[in-house]
Amino acid sequence: MQPWSEIVRDLQTNWPIYVSMPVIAGVIGWFTKIVAIRMMFRPHRFRGIGPLGWQGIIPRRAAEMVEVLCQTLTGRLISAGEIIDRIDGDDLAHRIDRPLRKEIAAIVPKVAAEYQPTVWNLLPGAGRDAVVQRVQEVAPAVIVEFILALRENIDEVFDLKEMVTREFLEDPDILERMFLDVGRREFAFIRRSGLAFGFAIGVVQALIWALFHEPLVMPIFGLFIGWFTDWAALRLIFEPKEPTRYLGLITWQGLFLKHRIPVSEEYGVLIAGRVLTAERLVRSVLTGPGSERVAALLAPIIEETVREEMVDIDVVLRRELRGLNSALGDMGDTVGTVFGALTGAAKAPLRQVGSAGLSVAQVRPMCEAAAADLLAVLPDVLHPSTGHLDEVLDIRETMSAKMVAMTPDQFEGVLRPAFQQDERTLIVVGALLGFLVGELQVLLVEHLSR
């Protein structure tokens, strides 16, 4: 320790250096926080030589974080059943009537020509138009029944967790934006706390330097500032979970939990706007991994409708063929005989069992093909109505309300995984950066004090 007279002389001579120490310490704390936050998200891919290098914590741990997030999202916040229950089949069928008619006008001729070539090719244009028109008329009822079938079987044909996981992993920006947007107050606090804690520790640093003039003081304090400010900031964000009074003067609650209402709203906005949008849900249900199971729900509905409508269609076909019969004379008798053999075989069993007639008419494979074709175009048919569906589903408000109702432990699990994965790494990196800056500070102080 230096003599008191030497300390006073040093302070009078080098007071700008001592004043700068807390400032530089604050900058160290602030800078290490910025670097730590940056290292959470960048770089997206590993950069380095051999094992020495770095990849952002979020990109590197994306799969694990998404797993935790999806468990929270689909386990506590919303379910596939809750989503489908909000859709009114009658209203939806009415809204998509026009685009649905357009697609049916393309699907019916294609499927009929493939599975009923004899009858379809014999029909005149007016007869084909009549068949298409009849299918268009009954299509809304098919959509209503389809929604009801989805409602009853949604968990068997659609995996909401798989869909959410896929959306997050296919677009890494969603995960990054979630932490940056939802946690922006916390990240801002981390930066500010680094500055404040660093400045306070810098005051102690200046005092010790005045007493001892030990070169190791700077890097050691730099290391401590980098470590402590990272550690303290992360603790103050999440702890304590409930408001707690310290020393009878200060009441503190972890910022993330303290801001749970705005955080919940922002989380709901992000998920509703980037993940669980009506358009993404529709495409995932109708054309995703479970689309075959969904088609298996739709095909029997179409088949049942076809069976019920076959007699009416038969009347239309016979009327058209009678006109064709008159026009063709003797050839028309042959045509009528062929058609009568086909429809006669199918017509009677439609009201009963008659698998032989249905087999001749190939109703089942025809309906399965129609179901597959309809599912393929339904996302585009529904596209103009996705805005309305977003309002009906109300994902944003649902998730926000449920997040606010979470227990502190449950709520903490929404964002904490991003920090928990590599908290120690971030703290160590902050400490090393602080140590290096402290060494530079030694060189600067010794140079200026000469």
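No hydrogens, no waters, no symmetry mates; every other heavy atom, side chains included, goes into these values.
In this structure, F189 and W252 have tilted ring planes: the angle between them lies in the 30° to 60° band. Ring pair W231/F228 is tilted by interplanar angle, where 30° to 60° counts as tilted.
F146 contributes atom CZ, which lies 8.0 Å from atom CG of L374 (distance to the nearest 0.5 angstrom). Put simply, CD on E137 and CD1 on I104 are 10.5 Å apart, with the number rounded to the nearest 0.5 Å. Here L276 contributes atom CG and L160 contributes atom CG; the two are 6.0 Å apart, rounded to the nearest 0.5 Å. Separation of atoms CZ (R101) and CD1 (I96) is listed at 11.5 Å; rounding is to 0.5 Å.
Contact between P243 and T251 at its shortest, heavy atoms only, is CB-CG2, 4.1 Å. V144 approaches A93 most closely through the heavy-atom pair CG2-CB, 4.2 Å. The shortest non-hydrogen separation linking L77 to E82 is O-OE1, 4.2 Å.
With 3.5 Å as the limit, one finds no donor-acceptor pair spanning the side chains of R283 and T277. If you check the side chains of S385 and R95, you find no donor sitting under 3.5 Å from an acceptor.
Looking only at distances, no side-chain donor or acceptor of T287 sits under 3.5 Å from a matching main-chain atom of S284. With hydrogens and angles disregarded, no donor-acceptor distance shorter than 3.5 Å links the side chain of W30 to the backbone of R192. Remark: side-chain polar atoms of H259 are paired, donor with acceptor, to backbone N or O of L255 under 3.5 angstrom. Put simply, the side chain of S400 gets close to the backbone of S264: a donor and an acceptor are under 3.5 Å apart. Formation of a donor-acceptor pair under 3.5 Å by the T305 side chain with backbone atoms of I301 is found in this model.
The side-chain heavy atoms of P289 and D159, taken from C-beta on, include no pair separated by under 4.5 Å.
Of the residues listed (V285, I84, N153, I83), the one engaging F158 in a side-chain contact (heavy atoms from CB on, under 4.5 Å) is V285, and it is the only one.
Look at D85 and R151 and you find a salt bridge, because one of the NZ, NE, NH1 or NH2 atoms lies within 4.0 Å of a carboxylate O, short of that distance. Using a cutoff of 4.0 Å between basic side-chain nitrogens and carboxylate oxygens, E368 and R364 are not scored as salt-bridged. Of the charged side-chain nitrogens involved, none lies within less than 4.0 Å of a carboxylate oxygen, so that R396 and D390 do not count as a salt-bridged pair. Salt bridge status for R280 with E167: present, with a side-chain N to carboxylate O gap under 4.0 Å. Between E114 and K110 there is no salt bridge, since no side-chain N of the basic residue sits under 4.0 Å from a carboxylate O of the acidic one. Salt bridge D171/R177: absent, no basic N to carboxylate O contact under 4.0 Å. E397 and K402 are not joined by a salt bridge, as no carboxylate oxygen comes within less than 4.0 angstrom of a charged side-chain nitrogen.
L148 CG: more than 12 foreign heavy atoms inside a 6.0 Å radius. Other residues, nucleotides and ligands place no more than 12 heavy atoms under 6.0 Å from the CZ atom of R45. Within a 6.0 Å sphere centred on NE2 of H388, other residues, nucleotides and ligands contribute more than 12 heavy atoms.
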